[in-house]
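Shown next, in structure tokens, is the structure this report addresses.
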Amino acid sequence: MSLTNFKNSQPLPPNPYECDTLLFNAYEQCLSLERRESWSLFLAELDKQYSHGILQGMSPRTAGRVLGYALRLAPSVAGRDALEREINICGGDFELLGGLAHLYVYGLIRIFYNPKGHAPTISASQSPRRSFKVAVQELEYLLQKPSINPHDLRKLVLARDNYRCVFTGGLDFNSWNVDHDLNELPFPKPCPTHTAHIISQSLSDDIEGASEAVSVKFNWAKTAGAIIERFGGFSSSEVLDDRVLNSPSNAFTAEAISHGQFDDLALWLIPAKDEHGLTIPNTYDVHHIEGSRYLSLFGVKSRIAFSSKTIGGKVIAAPDERLIALHAACARIAHMSGAAGYLKENFRHADNMLMTEPYARHELARALRRLALDSPG
């Protein structure tokens with residue numbers, strides 16, 4: 001019995017590409033895979049039981065939609081063309097196509113999905129109200145450090161974001177130690193905030209669960225960092241430098257509900273445009289899987305803006321637009337394909353497991369799949 005929810009899954013639209021082009025041929029393979037109701041027609045031909053188990057973990061319909069929507073929603077032309085080549089070298093082989101979808105779901109989309117929720121709030125300081133000068137001196141020191149920990153990142157991102165949630169404008173509850181204009185009207189409502197990471201999972205861990213044939217064919221796709229470079233069109237180490245995930249380029253300040261929705265891939269950001277259709281730098285329209293009703297219900301602004309901040313000649317960078325674009329693409333692909341349902345099911349927290357009939361057998365199978373996805377072979 002599956003507990004997976006595919007309510008936002010949508011069939012692939014008709015082929016939008018010009019006939020007899022490589023893109024057309026690649027998309028046709030996605031449509032062909034989507035039309036298959038199960039893997040059973042060719043599972044017997046596979047020589048690896050391991051492949052059988054992994055393919056059974058994602059339907060061919062979902063796998064076809066993952067690849068098809070990834071072609072349509074790729075954040076760059078280079079990323080789209082790279083995926084087109086990967087699909088075409090599969091030559092219509094369903095095991096390879098299913099394995100490629102597996103790599104994109106559990107190797108790429110997975111790094112933006114954080115089912116565990118936000119980390120415990122790290123207060124920037126619990127000391128009495130300090131002068132602005134003292135706060136600046138502390139930030140200058142942090143910017144000189146070759147690497148920063150989560151506590152350092154919290155201080156830098158809070159200062160850059162003006163101690164406010166980027167989605168609601170709420171003032172961080174623990175930041176009364178920094179001077180604020182108490183006469184500001186309307187005064188922002190205080191709320192607990194967290195440091196939200198755009199990429200929340202490791203980029204260097206091996207991607208597990210692919211069959212031997214898939215691993216050989218796509219031997220370049222061993223880590224999420226490699227897929228980011230191919231599909232995103234940029235080097236993650238270039239964007240995040242030596243700080244890896246604890247980089248201001250990969251983080252912003254958010255209150256709990258919006259943070260959770262962002263980590264759940266239910267909320268994403270699309271570059272905003274002005275009245276002439278030109279992109280407004282560092283400005284984004286906020287989108288939610290349930291539409292604008294969610295935004296108004298929880299006081300989330302429909303448009304937000306990021307900015308960098310210079311302290312003592314050093315810059316606290318704004319969240320990187322390439323990471324934001326890749327998060328948005330992955331969020332949309334995950335929901336429109338139905339892959340979000342598999343992620344939720346396979347990475348559900350242990351507290352939410354139903355180990356009673358009729359669910360026990362399903363939960364055991366899910367736990368074994370997760371072990372295969374998380375553990376070295």
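Side-chain heavy atoms closer than 4.5 Å link hydrophobic residues (I, L, V, M, F, W, Y) into clusters, and following such links, even through other members, never connects I270 to I324. In the hydrophobic clustering of this structure, Y284 does not group with I289; members are Ile, Leu, Val, Met, Phe, Trp, Tyr whose side-chain heavy atoms approach within less than 4.5 Å, directly or through other members. One hydrophobic cluster, built from ILVMFWY side chains closer than 4.5 Å, holds both Y104 and L12. L83 and L22 fall into different hydrophobic clusters, where Ile, Leu, Val, Met, Phe, Trp and Tyr side chains are chained together by heavy-atom contacts under 4.5 Å. Residue L97 is grouped with residue W220 when hydrophobic side chains (ILVMFWY) are merged at heavy-atom distances under 4.5 angstrom, including chains of intermediate members.
Distance alone, capped at 3.5 Å, places no donor-acceptor pair between the H102 side chain and the G107 backbone. Listed for the E290 side chain is no donor-acceptor partner under 3.5 Å among the backbone atoms of R293. Side-chain N or O atoms of R160 include one that pairs as donor or acceptor with a backbone N or O of A317 at under 3.5 Å. Side-chain atoms of N246 never come within 3.5 Å of backbone atoms of N149 as a donor-acceptor pair (strictly under, hydrogens ignored). Looking at N162, its side chain never comes within 3.5 Å of a backbone N or O of R164 through a donor-acceptor pair.
Heavy atoms only, all atoms of each residue included: I207 and A224 are closest at CD1-N, 4.1 Å. Minimum heavy-atom separation, G79 to A74: C-CB, 4.2 Å. The minimum heavy-atom distance linking P190 with F173 is given by the pair CB-CD1, 3.8 Å. In this structure, S302 and L295 approach most closely via the heavy-atom pair CA-CD1, 4.3 Å. Nearest approach of E95 to A213, heavy atoms of both residues: OE2-CB, 3.8 Å. The minimum heavy-atom distance between L153 and A251, with the atom names listed, is CD2-CB, 4.1 Å.
Here the side chains of L108 and L326 are in contact, with some heavy-atom distance below 4.5 Å. Proximity of P150 to T195: side-chain heavy atoms (C-beta onward) are nowhere separated by under 4.5 Å. Side-chain contact check for I228 versus I111: some heavy-atom pair is nearer than 4.5 Å. Between N174 and L158 the shortest side-chain heavy-atom distance does not fall below 4.5 Å. Looking at heavy atoms from C-beta onward, Y69 lies in side-chain contact with P13 at the 4.5 angstrom threshold. Side-chain contact between N114 and H197 is absent, with no heavy atoms from C-beta onward closer than 4.5 Å. Looking at T62 and S9, their side chains never come closer than 4.5 Å, going by heavy atoms from C-beta outward. Looking at heavy atoms from C-beta onward, D206 lies in side-chain contact with T223 at the 4.5 angstrom threshold.
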Show your reasoning for whether side-chain contact (heavy atoms from CB on, under 4.5 Å) applies to R230 and E86. CA-CA 10 Å; R230 183 82 55 118; E86 290 148 11; 3.1 Å; yes

Which is it for D264 and K344 under the side-chain contact (heavy atoms from CB on, under 4.5 Å) test, yes or no, and what are the steps along the way? CA-CA 9 Å; D264 204 37; K344 289 177 186 296; 2.6 Å; yes

side-chain contact (heavy atoms from CB on, under 4.5 Å) evaluation trace for H327 with C330: CA-CA 5 Å; H327 174 278; C330 286; 5.9 Å; no

Using the side-chain contact (heavy atoms from CB on, under 4.5 Å) rule, take R80 and L23 through it: C-alpha gap first, then chi angles, then the decisive distance, then the call. CA-CA 9 Å; R80 182 201 64 188; L23 276 170; 3.5 Å; yes

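Note: K273 NZ to T283 OG1 = 12.0 Å, rounded to the nearest 0.5 Å. Of the inter-residue distances, the one linking F231 atom CZ with L71 atom CG reads 8.0 Å to the nearest 0.5 angstrom. F218 CZ to L100 CG: the interatomic distance, rounded to the nearest 0.5 Å, is 4.5 Å. The CD atom of Q29 sits 8.5 Å away from the CZ atom of F94 when rounded to the nearest 0.5 Å. To the nearest 0.5 angstrom, R61 atom CZ is 10.0 Å from S38 atom OG. Here the straight-line distance linking atom CD1 of I280 with atom CG of N282 works out to 11.0 Å at 0.5 Å rounding.
Open room surrounds CG on D20; 12 or fewer heavy atoms of other groups in view lie less than 6.0 Å from it. Within 6.0 Å of CD on E28 lie more than 12 heavy atoms contributed by other residues, nucleotides or ligands. Within a 6.0 Å radius of NZ in K301, other residues, nucleotides and ligands contribute more than 12 heavy atoms.
Y342 and Y106 have their aromatic ring centers separated by at least 6.0 angstrom. Taking the six-membered ring where the residue is Trp, the centroids of F167 and F298 are separated by 6.0 Å or more.
Ring geometry, H194 versus H259: the interplanar angle falls from 30° to 60°, so the pair is classed tilted.
With F262 as the fixed residue, the ring pair (Phe, Tyr, Trp, His ring centres under 6.0 Å) test singles out one of F252, F112, W268: F252.
Annotation: side chain to side chain donor-acceptor pair (under 3.5 Å) contacts of S235 (sequence neighbours excluded): S237.
With hydrogens and angles left out, the side-chain atoms of Y17 and E84 include no donor and acceptor closer than 3.5 Å. Judged purely by distance below 3.5 Å, without hydrogens or angles, the side chains of T253 and D161 pair a donor atom with an acceptor atom.
Ion pairing of D172 with R154 is present here, as a side-chain N (NZ or NE/NH1/NH2) and a carboxylate O approach within less than 4.0 Å.
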